[in-house]
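Step one of this worksheet: look at the structure below.
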Amino acid sequence: MRRAGGDIFVDVLNAQLDEVYREGFDWLLVISATSGHFITATLAECVFEAMQNGVDAIAIVPPDVPVTGKGAITNQCAYWLVPFLIRKGGFDKIDRRPVDFRYDRDYQGVGELANLFDSEQKQPLAVIYPDVDDGDDRTHAQDPKQLEKLRHKERRIDVVLKMLGKTRADLASLIRDGYPIDLRAKTSA
């Protein structure tokens with residue numbers, strides 16, 4: 001796929017949804033290269049249960065992005081129901097980044113939460129805290145770009161919510177009853 005600037009991730013994901021579904025997959029895991037350690041056997045069991053409970057998305061809460069536990073799903077690690085995304089036309093176009101994107105000025109990079117407000121369900125989101133203690137390797141290494149991204153994530157979430165005419169309370173109301181599930185408590189006990 002060729003593109004003249006901006007962030008390619010939203011377009012790549014959207015372009016592949018129909019093919020993923022035709023191949024027989026109902027669920028899509030979107031995960032950053034540094035978040036693979038979140039996927040443990042215990043987490044996989046909880047994810048499978050959430051899938052059986054009919055949610056449209058499952059947010060895995062990165063330790064570096066605790067607001068995800070309050071409904072602000074992030075594609076750092078999230079499962080999405082492919083038919084839901086296809087019905088909605090893919091990930092929301094609100095997240096397309098301009099060529100000269102900057103975390104301190106722009107809002108993109110948190111727009112995946114917009115999809116859930118378009119769900120036909122009242123509570124389309126399951127939230128799971130993984131049974132790991134550490135987050136993104138880049139954060140621990142004090143990667144300036146990753147720290148900048150995280151420093152402005154809360155502001156960007158608030159900007160997108162305002163654009164959508166929503167609040168943090170609206171975001172939290174998307175979480176399915178019985179969630180979040182916190183696997184950290186189960187492993188430390």
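When a residue number appears, it is its place in the shown sequence, counting from 1.
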Discussion item. Test your reading of the model: is there a side-chain donor-acceptor pair from Glu112 to the backbone of Asn75, 3.5 Å cut-off?
Written reply: yes
Fill in: Gap separating the CG atom of Leu116 from the CG atom of Leu171, nearest 0.5 angstrom
8.5 Å
Worksheet item: Residues in ring pair (Phe, Tyr, Trp, His ring centres under 6.0 Å) with Phe91, at least two apart?
Response: Trp80
Worksheet item: Is Arg176 reaching over with its side chain to a backbone N or O of Leu125, donor-acceptor style, under 3.5 angstrom?
Response: no
Practice prompt. Kindly write out the residues that satisfy side-chain hydrogen bond (donor to acceptor under 3.5 Å, both in side chains) with Asp18, not counting sequence neighbours, or none if the list is empty.
Written response: none
Discussion item. Within the 4.5 Å heavy-atom criterion, are Ile58 and Met51 side-chain neighbours or not?
Written reply: yes
Worksheet item: How long is the span from the CG atom in Asp26 to the OH atom in Tyr21, to the nearest 0.5 Å?
Response: 5.5 Å
Worksheet, complete the sentence: When Leu164, Ile157, Asp158 are each screened for side-chain contact (heavy atoms from CB on, under 4.5 Å) with Val160, the one that passes is Leu164
Worksheet entry | Contacts of type side-chain contact (heavy atoms from CB on, under 4.5 Å), residue Phe48, not counting sequence neighbours | Gln52
Worksheet item: Excluding sequence neighbours, so at least two apart, what forms side-chain contact (heavy atoms from CB on, under 4.5 Å) with Lys162?
Response: none
Worksheet item: With Thr40, which residues qualify under side-chain hydrogen bond (donor to acceptor under 3.5 Å, both in side chains), at least two apart?
Response: Asp131
Worksheet item: Are there more than 12 heavy atoms of other residues, nucleotides or ligands under 6.0 Å from atom NZ of Lys70?
Response: no
Discussion item. So, using side-chain hydrogen bond (donor to acceptor under 3.5 Å, both in side chains) as the criterion, who are the partners of Asn115 when residues are at least two apart?
Written reply: none
Practice prompt. State whether the number of non-hydrogen atoms from other residues, nucleotides or ligands found under 6.0 Å of Phe117 atom CZ is greater than 12.
Written response: yes
Discussion item. Using modelled atom types and a 3.5 Å cut-off, is there a donor and acceptor pairing between side-chain atoms of Gln121 and backbone atoms of Gly54?
Written reply: yes
Item to complete: Report the residues that fulfil side-chain contact (heavy atoms from CB on, under 4.5 Å) with Glu49, sequence neighbours left out, ordered by chain and then residue number.
Response: Asn53
Practice prompt. List for me each residue that meets side-chain hydrogen bond (donor to acceptor under 3.5 Å, both in side chains) alongside Arg87, sequence neighbours excluded, and say none if there are none.
Written response: none
Discussion item. Please report the interatomic distance CD1(Ile60) to CD1(Ile128), rounded to the nearest 0.5 Å.
Written reply: 4.5 Å
Worksheet item: When rounded to the nearest 0.5 angstrom, what is the spacing between CD1 in Ile39 and SG in Cys77?
Response: 4.0 Å
Worksheet item: Does Ile175 offer a backbone N or O that forms a donor-acceptor pair with the side chain of Gln123 under 3.5 Å?
Response: yes
Worksheet item: Say you draw a straight line from CG of Leu174 to NZ of Lys166; how long is it, rounded to the nearest 0.5 Å?
Response: 8.0 Å
Worksheet item: Does Ser173 have any side-chain contact (heavy atoms from CB on, under 4.5 Å) partners at least two apart in sequence or in another chain, and if so, which?
Response: none
Worksheet item: Got Val61 and Asp182 here, is their nearest side-chain heavy-atom distance under 4.5 Å?
Response: no
